[in-house]
Amino acid sequence: MSVIVGKDSRVIVQGFTGKEGTFHSEQMLEYGTNIVGGITPKKGGTNHLGKPVFNTVCQAVSQEQPNVSIIFVPAPFASDSIIEAADAGIETIVCITEGIPVADMLKVKNYIDSFKSITLVGPNCPGVISPGQCKVGIMPANIHKEGSIGIVSRSGTLTYEAVDQITKQGLGQSTCIGIGGDPVPGTSIKDAVKLFIEDHQTEAIVIIGEIGGQMEINAAKYIKDNCSKPVISFIAGQTAPKGRTMGHAGAIIGGEEDTANAKNKIMQECGINVVKSPSKIGETVKKIIR
């Protein structure tokens, strides 16, 4: 099994013919992702990378029945693209775009939440991959291996580091979810953890968090009451001074519980295996699993 994306995913690409959309669509197609078309206004009726191009998501849904969309639309228009996909009935929306204004994402999040059945991943994220089945994102596919470790992360590069370590330990991943580092993500760590708890293929869960916000704490408290699977976590930003954004717009310490040390303490109290260095993620997972 997998979560969010898998063998049954029929993918469209919003921003299909642009530079980023083209490059990453080629990579996804090479991996085996079932891209059924793309969206570029005013280019409908043409073909790109051997796939049909549509002017609107509604047209693509009518003709190709996609259930997943990945968005490479520039920041000023990305929020409208998310809403367009939702209105067209797309069940899973992955927004790679960075730099979307917080005010725009607040409106989008409220709108998406009203649908109940829609999953939004991102923005400002690497996407989602279920190794051996489907890649909807920009992550390097060659480091992934099909397996039983579920990974959710606020950091793209640390996701790749964790994946590479786990793969080199002879283990693999069920699904990797990069939720992004913006202040208003479509999917929270807790949301991802719930999916991994329910997924029979996932034997253990890796959480890669950051300073700032309460997502890690909310997830930890949920895990304490609802999860029997082993959970391993790493919180980035242990040396960050108060009040300074570190890398991501959402990684800013606003209170005592937002620090890495405070999050690590709470997560340990909730039964989570905390590692203090990202270099220890792979070996810790192997030790706990085997």
When you look at NZ of K224, are more than 12 heavy atoms from neighbouring residues, nucleotides or ligands closer to it than 6.0 Å? no
Could E269 and K265 be called an ion pair, given the rule that one side-chain N must be under 4.0 Å from one carboxylate O? yes
Donor-acceptor contact present, side-chain S62 to main-chain C58, <3.5 Å: no
How are the rings of H48 and F16 set to each other: parallel, tilted or perpendicular (split at 30° and 60°)? perpendicular
Report the distance from atom CD1 of I149 to atom OG1 of T175, rounding to the nearest 0.5 Å. 12.0 Å
Table please: side-chain donor-acceptor pairs of residues 92-99 below 3.5 Å, with sequence neighbours left out.
{"from": "T97", "atom 1": "OG1", "to": "V73", "atom 2": "O", "distance (Å)": "2.6"}

About how many Å separate CD1 of I235 and CD of E210, when rounded to the nearest 0.5 Å? 9.0 Å
Is the shortest side-chain heavy-atom distance between V53 and I39 below 4.5 Å? no
Both conditions, 6.0 Å and 45 degrees, for the charged tip of K194 above the ring of Y222: are they met here? yes
Decide salt bridge (charged side-chain N to carboxylate O under 4.0 Å, His left out) for K168 and D164; before the verdict, give the C-alpha distance in whole Å, the side-chain angles of both, and the deciding distance to 0.1 Å. CA-CA 6 Å; K168 287 177 177 176; D164 188 52; 3.0 Å; yes
Nearest heavy-atom contact between D191 and G186 is OD2-O, 4.3 Å
For I177, the option from I151, I129, V5, V121 that meets side chain to side chain contact (heavy atoms under 4.5 Å, CB included): V121
With the side chain counted from C-beta on, respond yes when Y31 and P131 share a heavy-atom pair under 4.5 Å apart, and no when they do not. yes
Short N-O contact, K51 and E64, less than 4.0 angstrom: no
Calculate, to the nearest 0.5 Å, the distance between atoms OG and CD belonging to S69 and E91 respectively. 12.5 Å
So which atom in H144 and which in V163 form the shortest heavy-atom distance, rounded to 0.1 Å? CD2-CG1, 3.6 Å
Tell me, do V152 and V206 make a side-chain contact under 4.5 Å, heavy atoms counted? no
Kindly give the heavy-atom pair with the smallest separation between Q173 and I166, and that separation in Å. NE2-CG2, 3.7 Å
Please give me the minimum heavy-atom distance between S2 and S130, naming the atom from each residue. CB-OG, 3.2 Å
